[in-house]
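Numbering starts at 1 and runs along the sequence shown.
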Amino acid sequence: MATEVKVPTLGESITSGIIAAWHVQEGDYVKKDQLVYELETDKITSEGLAEQEGRISLRASEGDEVEIGQVIAEIDETAAAPKESAEAKTVSEGERKALTDGEEQSPQTSDAVSPAVRRIASETSLDPSAVAGTGKAGRVTKGDMLEALEKRSNESTDTETKSKPVLDPVQSDRSTRKRLSPMRQKIAERLVMAQQEAAMLTTFNEVDLSQIKALRAKHQEKFVEKHGVKLGFMSFFVKAAVHALKEAPAINAQLDGDELVQNHYYDIGIAVSTEKGLLVPVARDCDSQSLAEIEMQIVNYAKKAREGKIELSDLQGGVFTITNGGIFGSMLSTPILNAPQSAILGMHAIQDRPAAVNGEVVIRPMMYLALSYDHRIVDGKEAVTFLVKIKEGLEDPARLLLEI
């Protein structure tokens, strides 16, 4: 009797993925719940476990794009388990512990680390055995590898140069060719699809952040003392987006075939940059959340993203997205829609610029805002109204608290 190993359903918006790594080889005997493969999509990396015990036959190769529900392997449950050698059976507990503590059973060996760790090691030349593991029994996790990479990037240029693999002289002098990661490929496909399928248009405005900066400076210390998290700019932008979505409900809608779906909830996606690309975890129920609660959600997602622990459920259900290119110094941009949402707000760098206030020229902290939207759903009037409401809420934060 053979059990088919199929690509599981990962979410309604995910139809395929790429096999990033097999954790077993053709003909291996696998045990139930053993890690078998790693699947990458444009959203997350997921790991597949064996549902039964038996001998496995692979039906797909690493790098293959596979559809949801496709059979990628079979497990022969009738196959006999390999017999343990007499020597293995007579190993004492003390000897077993010695082996466990030794190099042969180290959690950093290539057979013990996860596919994600192996892939990071192969792409970056970072040796897992040199990384302190925080997983079970000292096992090196994906988060450990990413943290070690971040530390390595902060080392001196000489040290960093020594840690890099030696490249072919011609290749290092002129260029380096490297295959796109499966996740990067899927991200590219979705971005191109978003531009081809939507009638995307962008409108701009600018906002004076004097009031928010003053409010943060005045109350930051007590805010941190009470809530254990800093009061950032993003929570104000999230609250302003919720306020504007209520005033311009067309933005809080999306197309599903030939039907228009009007949303009545306010889950806001916040773009987070990771080593593998941009992820958009979703802050939930932002209309009923306080600034502190929104900040806590943002901090938790940022931590999970750094550690490579973002889950598919964290990325689903958003009705609107905010992306902040300003943290990288961007002055102005036209963000691409996060399908199937109908709009996305782009934040940019805050710069002190001259502004006319009551007939006088004064210096104010200004930011350009960009709203990209799907013109099939949203008219120009609604888009401009939405962006004006964002501006009003940020320039007078009391409006957000009073919901006016």
(Q) Working note: Arg59 + Glu74, criterion salt bridge (Lys or Arg N to Asp or Glu O under 4.0 Å); need CA distance, chi angles, decisive distance, verdict. (A) CA-CA 8 Å; Arg59 297 289 181 265; Glu74 290 184 348; 3.3 Å; yes
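- Among Val207, Leu369, Ile251, the one residue that satisfies the side-chain contact (heavy atoms from CB on, under 4.5 Å) test with Leu387 is Leu369.
- Using a 4.0 Å cut-off between a side-chain N of Lys or Arg and a carboxylate O of Asp or Glu, Asp314 and Lys304 qualify as a salt bridge.
- Interatomic distance, CD1 of Ile270 versus CE of Met234, reported as 5.5 Å (0.5 Å rounding).
- Judged by distance alone, the side chain of Glu395 and the main-chain N or O of Asp208 form a donor-acceptor pair under 3.5 Å.
- Looking at His348, its side chain never comes within 3.5 Å of a backbone N or O of Asn324 through a donor-acceptor pair.
- Counting only distance, with no hydrogens or angles, the side chain of Ser372 and the backbone of Pro335 share a donor-acceptor pair below 3.5 Å.
- Side-chain atoms of Thr334 and Thr202 form no donor-acceptor pair, as typed in the model, at a separation below 3.5 Å.
- Defined by atom type and a distance below 3.5 Å, a donor-acceptor pair is missing between the side-chain atoms of Ser342 and Gln254.
- In this model, a donor atom of one side chain and an acceptor atom of the other lie less than 3.5 Å apart for Glu53 and Tyr29.
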Q: Go through Glu206 and Arg353 one step at a time and tell me if the salt bridge (Lys or Arg N to Asp or Glu O under 4.0 Å) criterion holds.
A: CA-CA 11 Å; Glu206 62 178 353; Arg353 298 202 302 271; 2.8 Å; yes
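- Within the 4.5 Å cutoff, the side chain of Val36 has no heavy atoms near those of the His23 side chain.
- Under the 4.0 Å criterion applied to side-chain N and carboxylate O atoms, Arg55 and Asp76 are not assigned as salt-bridge partners.
- Taking CD of Glu62 as the reference point, atom OH of Tyr37 lies at 13.5 Å (rounded to 0.5 Å).
- In this structure, Asp64 contributes its side chain and Ser61 its backbone to a donor-acceptor pair below 3.5 Å.
- Residues meeting the side-chain contact (heavy atoms from CB on, under 4.5 Å) test with Ala356, sequence neighbours left out: none.
- Here the side chain of Lys246 pairs no donor or acceptor atom with the backbone of Asp287 at under 3.5 angstrom.
- Atom NZ of Lys303 has 12 or fewer heavy atoms from other residues, nucleotides or ligands within 6.0 Å.
- The stretch residues 211-235 participates, sequence neighbours left out, in these side-chain hydrogen bond (donor to acceptor under 3.5 Å, both in side chains) pairs: Ser235-Glu295.
- Contact annotation: the side chain of Val224 never approaches that of Val229 to less than 4.5 Å [non-hydrogen atoms, C-beta and beyond].
- Shown here are the ring pair (Phe, Tyr, Trp, His ring centres under 6.0 Å) partners of Tyr266, two or more places apart in sequence or in another chain: there are none.
- By the salt bridge (Lys or Arg N to Asp or Glu O under 4.0 Å) test, Glu197 pairs with no residue at all, sequence neighbours left out.
- More than 12 heavy atoms of other residues, nucleotides or ligands sit less than 6.0 Å from atom CZ of Phe236.
- Here Ile310 contributes atom CD1 and Leu315 contributes atom CG; the two are 6.0 Å apart, rounded to the nearest 0.5 Å.
- Using a 4.5 Å cut-off on side-chain heavy atoms (C-beta onward), Val30 and Ile75 make contact.
- Closest approach of Asp285 and Asp267 over heavy atoms only: N-OD1, 2.8 Å.
- Under the ring pair (Phe, Tyr, Trp, His ring centres under 6.0 Å) criterion, Tyr301 pairs with no residue at all, not counting sequence neighbours.
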Q) Could you walk me through whether Glu65 and Ser16 pass the side chain to side chain donor-acceptor pair (under 3.5 Å) check? A) CA-CA 7 Å; Glu65 181 168 4; Ser16 66; 2.9 Å; yes
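- Between Asp374 and Arg376 there is a salt bridge, with a side-chain nitrogen of the basic residue lying less than 4.0 Å from a carboxylate oxygen of the acidic one.
- Counting heavy-atom neighbours within 6.0 Å of Gln25 CD, excluding the residue itself, gives a total of 12 or less.
- Shown here is Gln262, whose CD atom has more than 12 heavy atoms of other residues, nucleotides or ligands within 6.0 Å.
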Q.
Between Gln297 and Gln289, is the side chain to side chain donor-acceptor pair (under 3.5 Å) condition met? List the steps.
A. CA-CA 10 Å; Gln297 289 196 63; Gln289 298 276 298; 3.3 Å; yes
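- For Phe320, the ring pair (Phe, Tyr, Trp, His ring centres under 6.0 Å) criterion is met by Phe386, not counting sequence neighbours.
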